[in-house]
Amino acid sequence: MSELNLSEQEIIRRQALEEIRKLGIDPYPAAEYRTNAYAKEILENYSPEKNNYQEVCLAGRLMSRRIMGSASFAELMDSTGKIQIYVKRDEICPGEDKTLYNTVFKKLLDIGDIIGVKGFVFITQMGEITVHVKELTLLCKSLRPLPVVKEKDGKLYDAVTDPEFRYRQRYVDLIVNPHVREVFRKRTLLIQSMRELFNSRGYLEVETPILQPIPGGANARPFITHHNALDIPLYLRIANELYLKRLIVGGYEGVYEFAKDFRNEGMDRMHNPEFTVMEIYIAYKDYNWMMNFTEEIIEKVALDLHGTTEIVYQDRVLNLKPPYRRVPMLDLIKETTGIDIYGMDEAELRKVCDKLGIEHTPAMGKGKLIDAIFSEKCEQLLVQPTFVIDYPVETSPLTKMHRSKPGLTERFELFINCKEIANAYSELNDPVDQMERFREQLRLSEKGDDEAMFIDYDFVRALEYGMPPTSGMGMGIDRLTMIMTNQPSIQDVLFFPQMKPLGQKPKAESPKEDFLKLGIPEEWIDPIKKLGYHTVAMLREVEKPSRLANDLNIYNKKNKLGLAGLSPETVEKWLR
RNA sequence: GAUUCAGUAGCUCAGUCGGUAGAGCACAUCCCUUUUAAGGAUGGGGUCCUGGGUUCGAUUCCCAGCUGGAUCACCA
């Protein structure tokens, strides 16, 4: 990379790097640096009476410096937090040679550099627990200036808040925004908490294919890819349901998977093209049992993360203490609209939609019409955890028919904060019925529903061998994490949310010789490049040489280059 | 995909009713030499997102595009 593209601060840091090397210091040492303490544990456990932590060694990133002559204070941030360090010239340079302090520490180190320190802990006059440094080691020189975020009484100053910057350069976000690190730590704890519960019950964590020849288990548009050796299309999974149920057929009593699923659909603050779902299937259970188990999961996670089931989410308080309300979908519709749609046919449902002002299209079947009414009129009311149960069969092609309510299935969705968090069934295990449901999906597909399911004959074959009565549940881990960490957007709970790639990078540069060949004096080459003409080809496309001459003269003047002014004729000669 | 707001220094942001731009922090030099977001002084740093139009002249006005946010539509 040429220095032309570097900011002044970056150039200064590269020069400092060279100075460090000249002093015989390796700015990127290979050796292990063995630490014996962390910032947080020192701040929590140090006491002057105990006189503990008198030989500590810790490593981290330099986050601020206050230099005052022969002594300095700085902040060191490790994986646990920040602690102040005190660096005194004669301590780190006991002999005559004061280079390490005067030159290396004061001039050549920068905010963002990673260092290791050895010393003892004490309390300053200002009452702050501080590491008195006796030995300082550079572990990694940082070449790019870090945004400097200041903090006072928990309030941030100049905090990096630009979402684009934060998502595209998450590593910087994590460095300067400690609360972001905490969100992701909680995400991991949440998954561990659930895994702990499942393992304690003897359920088996499994892995199933991400590349699937038939994308099944949900209604969604898949990503498609191609396998060269087999010369077949493969789909990135939209769900893993059908594979997990095959494993139940195979004889496992309980299986679960934390799975990345992929759906080729819109992105917004609830949706990312790849997202994480936990799916679990347990033999000999039904959806009633699964509701109890789901309550247990949510309660455990809340307690493990917060020690309480009262969770603040944005401007609301969510009470996650079971039991949660269980309400049949049609009852809820009746409750909010006053209309009992049970047993209505498609035509009648269309009339209801018209009456309620809900848009519908000819492609929408009975199931989708009911779904539209529900989404429009009911979802927004489901702030506190609520199980909506007994969905119409038309939207539930993998669910067992309700044991007593014709036309409905044994399915529930758990809503928290008006969003679907979990989806579960008494699983359909009648292979003949399953085949018929798949055929119905095919009919919907022919009618124009591009999300209708494919027929998975192998799955039907598995059911023909016999699957025990089973209940399965899928839970959106990203959404649950949003609720548990009080984040408004899915992008805030994914380390690297999908972003649109940025446009063209600067194109290849023509070598200096090519510019010289055109008769361009050497001193004008950098200004020309700076104005965006990186190649001679780009110069040839310039239509108004006079304008280029003008721009260059302005650049000359503004940057005080002291070059003689260019005439339009001179510039024209270069170009022709 | 639609509507809308935004994009200016490394970061957070002002500003220019059209004449090539400022602050704080960061950076550099000097003074000070145990500080707590900030000791003092001086200084450097910018394709004002990109392209086109209008204009003698555009970072500013107009149009198009790019990227992001919000809302809506589809979906989990």
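Letters A, B, ... mirror the listed sequences (proteins, then strands); counts begin at 1.
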- Message: Just the rounded figure in Å: distance from P of B/rG69 to CZ of A/Arg166.
- Response: 11 Å
- For B/rG68, does OP1 or OP2 lie under 4.0 Å from any side-chain N or O of A/Gln491? no
- Item | Complementary nucleotide for B/rC17 - Watson-Crick or wobble, under 3.5 Å | none
- Query: Can A/Arg237 and A/Glu257 be counted as an ion pair, charged N to O under 4.0 angstrom?
  - Reply: yes
- Donor-acceptor pair between A/Gln491 and A/Asn272 side chains, under 3.5 angstrom: no
- Message: Tell me which nucleotide, if any, is Watson-Crick or G-U wobble paired with B/rC11 when both distances must be under 3.5 Å.
- Response: B/rG24
- Item | Rounded C1' spacing from B/rA58 to B/rG69 in Å | 27 Å
- Query: Between B/rU60 and B/rG52, how far is it from one P atom to the other, in whole Å?
  - Reply: 13 Å
- Item | Residue A/Thr161, side-chain heavy atoms: nucleotide from B/rC13, B/rG69, B/rU35 that is nearest | B/rC13
- Message: Just checking A/Lys134: does its NZ atom have more than 12 heavy atoms from other residues, nucleotides or ligands closer to it than 6.0 angstrom?
- Response: no
- Output the single nucleotide from B/rC74, B/rG68, B/rG10 whose closest atom is nearest the side chain of A/Gln9. B/rG10
- Note on the structure: Rounded to whole Å, the CD-C1' distance (A/Glu8 to B/rG45) equals 5 Å
- Between A/Tyr281 and A/Glu279, is any side-chain donor less than 3.5 angstrom from a side-chain acceptor? yes
- Message: When both hydrogen-bonding distances must be under 3.5 Å and the geometry is Watson-Crick or G-U wobble, what is B/rU4 paired with, if anything?
- Response: B/rG69
- Task: Tell me which nucleotide among B/rU35, B/rC27, B/rA76 gets nearest to the side chain of A/Ile111.
- Result: B/rC27
- Rounded to whole Å, CE of A/Met453 lies from C1' of B/rA76 at a distance of 13 Å
- B/rU29 and B/rG68, which share atom name C1', separated by this distance in whole Å: 39 Å
- Note on the structure: Ranking B/rA76, B/rA28, B/rU35 by distance to the side chain of A/Ile12, first place goes to B/rA28
- Is the distance from OP1 or OP2 of B/rG68 to the nearest side-chain N or O of A/Arg168 less than 4.0 Å? yes
- Message: Less than 3.5 Å apart, any donor N or O on the side chain of A/Ser471 or A/Glu427 sitting next to an acceptor on the other?
- Response: no
- Among B/rU34, B/rA76, B/rG68, which nucleotide sits nearest the side chain of A/Glu420? B/rA76
- Message: Side chains of A/Glu413 and A/Tyr391 only: does a donor on one sit below 3.5 Å from an acceptor on the other?
- Response: yes
- Query: So which nucleotide from B/rC11, B/rA76, B/rA38 ends up closest to the side chain of A/Arg66?
  - Reply: B/rA38
- Distance between P atoms of B/rG46 and B/rA9 (Å, rounded): 11 Å
- Separation between the P atoms of B/rC13 and B/rA6, rounded to whole Å: 14 Å
- Query: Considering only B/rG10, B/rC25, B/rU35, which nucleotide approaches the side chain of A/Asp158 most closely?
  - Reply: B/rC25
- Using whole Å, report how far CE of A/Met270 lies from C1' of B/rC72. 15 Å
- Whole-Å C1' distance, B/rU8 and B/rG22: 10 Å
- Over how many whole Å does the gap from A/Gln169 atom CD to B/rC11 atom P extend? 8 Å
- In whole angstrom, give me the gap between the C1' atoms of B/rU20 and B/rG45. 15 Å
- Task: Take atom C1' in B/rA70 and the same atom in B/rU16, then report the distance between them in whole Å.
- Result: 28 Å
